[in-house]
2 protein chains.
Amino acid sequence: MHDRLIARLQSVAGLTSDERAALNSVPHKVRTLGDRESILQEGDKASNCVALMSGFLYRQRIIGDRRQILSLHVPGDIPDLMTLYLPTMDHDLISVGQSTVAVAPHSALKSLFEKHPSLVHIFWRETLIDAAIFRHWVGNLGAMDAFHRVGQLFCELAVRLEFVGLFEKNSFSFPLTQYDVASVCGLSKVHTNRTIQVLRKQRLLIWRDDMVELPNREELEAAAEFSADYLQRKAKSV
Amino acid sequence: MHDRLIARLQSVAGLTSDERAALNSVPHKVRTLGDRESILQEGDKASNCVALMSGFLYRQRIIGDRRQILSLHVPGDIPDLMTLYLPTMDHDLISVGQSTVAVAPHSALKSLFEKHPSLVHIFWRETLIDAAIFRHWVGNLGAMDAFHRVGQLFCELAVRLEFVGLFEKNSFSFPLTQYDVASVCGLSKVHTNRTIQVLRKQRLLIWRDDMVELPNREELEAAAEFSADYLQRKAKSV
DNA sequence: CGACCAGTTGACGTAGATCAACCCATGTGG
DNA sequence: CCACATGGGTTGATCTACGTCAACTGGTCG
């Protein structure tokens, strides 16, 4: 399994060298994905899990004539870990930009868990944080306006990317379009564009081509009323 | 632990008599809760989990001057199961109407898992379904209008209550207010009221006092474009 | 008896959707 | 090497679903 994932689990939960070795030796294949390439579709039955190594993935559902992006995923995430126990996908999983994933069969993970029961809790915890993020977005979408939603999105990404070492000099690579951001935030692309312009005018966001910079992160977090508690980052201090 | 939970796990996952006995013997206390009584608040560190035995609970977050209900919980749910691994609450947990819960210490659950590793997967799966429900509501809140959101809510409750034997003659006890429904659906109470009136006029919903009846469930599910796939009910046929 | 709360209704205000151009960079085929 | 198509981004005009405000009803409770 990939280093980025192992490093994250290491810093979040602390791994014994034994566990680390076991994770390293999980059989897997590396797969490269092109822009907008689909990994899994609604209704598919998965028999593998994918750990994102580089790039971005998102999950989406088509609802009526709309596309809703349910979540964005950064390297180190295993966005289909739930297929271990809920094999039928209730949404699509898609790559944005060029990305690479490590694909490991369910059987390999299950035997990993048998040999190292302590790892079960570590992976379970990963799915709990995933759930906490969804829960947070239920709040965002139900109770916040456009400005706060878009602001929260960039704040959250900064924290999650920082956690895997991909947020440097207040910047990160971001191959999504404004329309993608709109689909995350439950907004139209026109209104999303205007909201981003407000963030730009307030010097809270610089977004050109595929790079996003947050020149004044604290101010952005304050403006968006963002708190990273739900991402459970305190584990970093372990 | 409570029968309602055990019965659900039984039908969902299938339990050996050994596992069932172990679940039955988990030490716990029964606690009765009044209307709007709080169990846990944002920031609390939990050292117990509660399994809902009767009544309703909801999770909420205060966002600005608004209250967002993140999820509703029916008997058989363990809405704070995640505190096993994420001890700090990022939201409040509150009772509606009179309800009873079984309170079991984390330590008891952890030793249960040690003695019966197979139960870990069953409980993990429970948290995955919890996450699937949040994910679904991200879609609902991001992409559906008021009519669909409110309709989806009643459809979902019917399925979840049916699963634990609390949906009979197309009816269930429902001690929430219209304002509560508004807080689930991310709507104002005035607009929620008007939306409910539309459902009533279309003979899809009868709601008087604390009882809800869905006289034409299929039609309601069609109108709300509801599909129960995400609740993973197929396990019922096991 | 008044206080309070859920529900209901009407009038009005607004955030954000929709529609329709237009710009610009990139890519493609003749 | 140009002609044109395509897809992001941007802008302005208009529309609408929903929020807000305010008033009134009818139960319930002390």
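Note on naming: letters A, B, ... go to the chains in the order of the sequence lines (proteins, then strands), and numbering restarts at 1 for each one.
Within 4.0 Å (heavy atoms only), B:Arg36 reaches no atom of the nucleic acid at all.
B:Glu213 and B:Asn170 share no donor-acceptor pair across their side chains, judged by distance under 3.5 Å alone. If you check the side chains of B:Ser99 and B:Ser54, you find no donor sitting under 3.5 Å from an acceptor. Of the N and O atoms on the side chains of B:Asn193 and B:Gln178, at least one donor lies less than 3.5 Å from an acceptor on the other residue.
At least one side-chain heavy atom of A:Arg8 sits under 4.5 Å from a side-chain heavy atom of A:Glu126. For the pair A:Leu72/A:Leu176, a side-chain contact is recorded, criterion being any heavy-atom separation below 4.5 Å from C-beta on. Residues A:Leu5 and A:Ile78 have side chains in contact (heavy-atom distance under 4.5 Å, counting atoms from C-beta outward). Put simply, the side chain of B:Leu187 reaches to within 4.5 Å of the side chain of B:Arg149, judged on heavy atoms. At a threshold of 4.5 Å between non-hydrogen side-chain atoms, the residues B:Gln60 and B:Arg67 count as touching.
Atom CG of B:Asp35 is separated from atom P of D:dC29 by 12 Å (rounded to the nearest Å).
For the pair B:Arg160 and B:Phe167, the cation-pi criterion (under 6.0 Å, within 45° of the ring axis) is not fulfilled.
Helix bend of the helix from C:dC1-D:dG30 to C:dG30-D:dC1: the angle between its two end axes, each built from five pairs, comes to 30° after rounding to 10°.
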Donor-acceptor contacts, no H, no angles, side chain residues 135-142 of chain B, under 3.5 Å, sequence neighbours left out:
from: B:His136; atom 1: ND1; to: A:Arg61; atom 2: NH1; distance (Å): 3.3
from: B:His136; atom 1: NE2; to: B:Gln152; atom 2: OE1; distance (Å): 3.0
from: B:Trp137; atom 1: NE1; to: B:Glu156; atom 2: OE1; distance (Å): 2.7

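Among residue pairs with one or both ends in residues 183-221 of chain B, those qualifying as ring-ring contact (aromatic ring centres under 6.0 Å, His included) are B:Phe154-B:Trp207, B:Phe174-B:Trp207; sequence neighbours excluded.
For DNA chain C, the outermost nucleotides in 5' to 3' order that have an atom under 4.0 Å from a heavy atom of chain A are C:dG16 to C:dC19.
Contacts between residues 175-195 of chain A and DNA chain C, counted as heavy-atom distances below 4.0 Å, involve A:Gly186, A:Leu187, A:Ser188, A:Val190, A:His191, A:Arg194. Using a 4.0 Å cutoff on non-hydrogen atoms, the parts of residues 137-148 of chain B near DNA chain D are B:Asp145, B:Ala146, ordered by number.
Taking 4.0 Å as the cut-off between side-chain N and carboxylate O, A:Arg31 and A:Glu37 count as a salt-bridged pair. The residues B:Arg36 and B:Asp180 are annotated as salt-bridged, a charged nitrogen and a carboxylate oxygen being separated by less than 4.0 angstrom.
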